[in-house]
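Have a look at the structure below, then the notes.
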Amino acid sequence: MRARGTLTSDIGGFSKAYRRWLLRFAMVMISCGSMVNAQSPVPAETRSGTSNEGSSSPNTNTSPQKTQEPAPQAAAKPGSIIGTILDQSGAVSVGTVVRLTSEDKSFSRDVVSGDNGQFSFWNVPPGHFNLSINSTGFGNQTFSGELAPEQAYLVPPIVLSIATVVTDVRVTVDPAEVATEEVKEQEHQRVLGFIPNFYVTYRADAAPLTTKLKFQLAWKSSTDPVTILGTAFLAGVQQAGDQYSEFGQGAQGYGKRFGAAYAGVFASTFLSGAVFPSLLKQDPRYFYKGTGSTRSRIWRAVANSVICKGDNGRWQINYSNIGGTFGGAAVTSTYYPTKNQAAVILSNGFIRLGESSLAGIFQEFVARKLTKRSKGQSPEHTDSTDVLATQHNSVPWPKKP
């Protein structure tokens with residue numbers, strides 16, 4: 001009995017010692033597991049979720065923020081732009097300069113289209129962009145678009161347009177050539193189809209005559225057959241009335257009368273129509289008015305003997321006609337047998353000035369209706385030209401005092 005109690009006591013002591021050993025072993029294992037967990041590289045989010053699910057709520061709030069941090073980096077990734085340049089015929093355009101510019105002007109790059117007409121831009125920042133296409137002989141083209149991150153933007157084919165060329169054409173006409181053509185028209189002007197009417201222009205803006213044209217008109221007028229026949233008729237009237245009896249009668253007397261009369265016509269025409277106008281730069285022609293009141297037209301016609309238009313286009317005293325009239329009278333007086341030549345010169349001079357005024361009235365109100373002009377100078381065309389020229393004439397006819 002004692003021995004059994006002793007054995008039972010030993011077994012119980014062994015059991016207690018065994019339990020204590022197991023407890024210590026378990027504590028050592030737990031301590032080792034904690035150390036291993038402390039040194040493990042597992043993220044904090046995983047550890048916290050494994051060890052304490054209840055405390056995972058704060059970590060779930062921070063986790064989306066960390067997953068969104070790479071998003072701005074993805075938006076900043078560059079893209080590319082590719083396109084093709086064509087000409088008007090649809091063929092590719094080689095060597096065209098294409099400029100890429102960002103909206104904020106922070107990025108700019110130039111490329112040249114290749115043999116296939118294509119162009120490309122790489123590493124282009126995303127955002128709004130502008131393309132400017134420039135080629136010699138063509139107008140500038142533009143294109144705009146929006147480039148997304150990492151996008152390969154394909155630009156629609158760009159067709160070049162032909163450049164619009166604005167040419168400023170300035171036509172310069174030689175006034176001498178214009179005046180020559182106008183004189184040719186005047187040399188065909190005849191009252192009733194046969195009486196010369198060369199010293200009148202129906203153009204208010206007629207080009208000024210050159211010295212050559214002034215002498216040409218004087219020669220044309222003084223040598224015209226009608227002028228010669230008119231002088232011959234005047235000499236016949238003087239012969240019939242026995243004026244200037246000192247010339248006598250017969251063929252010799254008629255020849256003297258005709259010579260004196262024609263010398264006066266010739267001298268007056270050249271002096272008042274060529275010599276003095278060339279020296280004083282004045283126009284010997286009558287400028288037909290044709291518009292305005294009757295009073296203004298009469299004033300233009302009557303004043304024609306003492307007022308003319310200069311080669312500079314301004315109205316001025318007609319020294320040429322005044323000097324030529326009295327000069328012609330002086331030349332004529334040398335051929336006629338007179339006792340008081342000074343009185344004859346003055347009287348003949350004033351008579352011829354009066355005749356010039358009457359001739360102006362005839363030109364302004366009658367001669368134009370009876371004057372035959374060249375085919376290219378129709379009355380309707382001349383009227384419209386006169387009206388427009390009168391409206392734009394910056395130097396008006398001197399007003400009647």
Side-chain angles (χ1 to χ4, degrees), residues 41-46 49 58-178 181 205 207 313 384-385 388-389 391-394:
V42 179
E45 292 83 350
T46 306
N59 292 331
T60 57
N61 294 334
T62 59
S63 178
Q65 295 179 357
K66 293 184 178 181
T67 57
Q68 292 176 2
E69 287 179 359
Q73 297 179 358
K77 289 184 178 181
S80 60
I81 300 174
I82 303 172
T84 304
I85 307 297
L86 305 177
D87 58 17
Q88 288 285 321
S89 63
V92 296
S93 178
V94 181
T96 300
V97 179
V98 183
R99 170 168 292 183
L100 170 66
T101 308
S102 60
E103 185 176 19
D104 57 0
K105 307 297 182 182
S106 61
F107 180 84
S108 179
R109 187 181 301 168
D110 292 348
V111 297
V112 179
S113 60
D115 296 337
N116 56 0
Q118 290 188 347
F119 64 91
S120 58
F121 295 93
W122 305 97
N123 296 324
V124 180
H128 189 81
F129 66 89
N130 295 313
L131 294 178
S132 176
I133 300 91
N134 185 16
S135 180
T136 304
F138 294 91
N140 293 336
Q141 299 286 101
T142 59
F143 179 84
S144 300
E146 189 75 24
L147 180 66
E150 297 184 286
Q151 179 186 9
Y153 194 104
L154 183 60
V155 179
I158 299 175
V159 181
L160 297 174
S161 61
I162 299 176
T164 303
V165 179
V166 179
T167 304
D168 186 10
V169 179
R170 296 184 179 182
V171 180
T172 303
V173 181
D174 186 3
E177 295 180 1
V178 176
E181 294 300 321
D205 58 344
S384 60
T385 304
L388 290 175
Q391 292 175 350
H392 295 284
N393 190 5
S394 59

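The two residues S161 and Q88 make their nearest non-hydrogen contact at CA-NE2, 3.1 Å. The shortest non-hydrogen separation linking A207 to P175 is CB-O, 3.7 Å. Heavy-atom minimum distance, S135 versus L160: CB-CD1, 3.8 Å. Counting all heavy atoms, side chain and backbone alike, L86 lies closest to P157 at CD1-CB, 4.0 Å. A148 and P126 make their closest contact through C-CB, 3.9 Å (heavy atoms, listed as atom of the first residue, atom of the second, distance). Counting all heavy atoms, side chain and backbone alike, T101 lies closest to S108 at OG1-OG, 3.9 Å.
For the side chain to side chain contact (heavy atoms under 4.5 Å, CB included) criterion with I81, the lone passing option out of V98, V155, V111 is V155.
Separation of the F129 and Y153 ring centroids falls under the 6.0 Å cut-off.
Here the side chain of Q141 pairs a donor or acceptor atom with the backbone of V159 at under 3.5 angstrom. A distance-only check finds a donor-acceptor pair linking the side chain of S113 to the backbone of S93 [under 3.5 Å].
Note that OG1 of T96 is 7.5 Å distant from CZ of F138, once rounded to the nearest 0.5 Å. For the atom pair CG of L154 and OG of S120, the computed distance is 11.5 Å after rounding to the nearest 0.5 Å. The line from CG of N130 to NZ of K105 is 6.0 Å long, rounded to the nearest 0.5 Å.
When the side chain to side chain contact (heavy atoms under 4.5 Å, CB included) test is applied to D104, the partners found at least two apart in sequence or on another chain are S102, S106. Among residues two or more places apart in sequence or in another chain, the side chain to side chain contact (heavy atoms under 4.5 Å, CB included) test is passed with N140 by N134. Looking at residues two or more places apart in sequence or on another chain, you find no salt bridge (charged side-chain N to carboxylate O under 4.0 Å, His left out) involving R109.
Remark: D174 CG is packed, more than 12 non-hydrogen atoms of other residues, nucleotides or ligands lying under 6.0 Å away.
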Legend entry - Evaluation steps, side chain to side chain contact (heavy atoms under 4.5 Å, CB included), between F119 and L131: CA-CA 11 Å; F119 64 91; L131 294 178; 4.0 Å; yes

Inset, instruction - Check the pair W122, I82 against side chain to side chain contact (heavy atoms under 4.5 Å, CB included), reporting the backbone distance first and the verdict last. - result: CA-CA 9 Å; W122 305 97; I82 303 172; 4.2 Å; yes

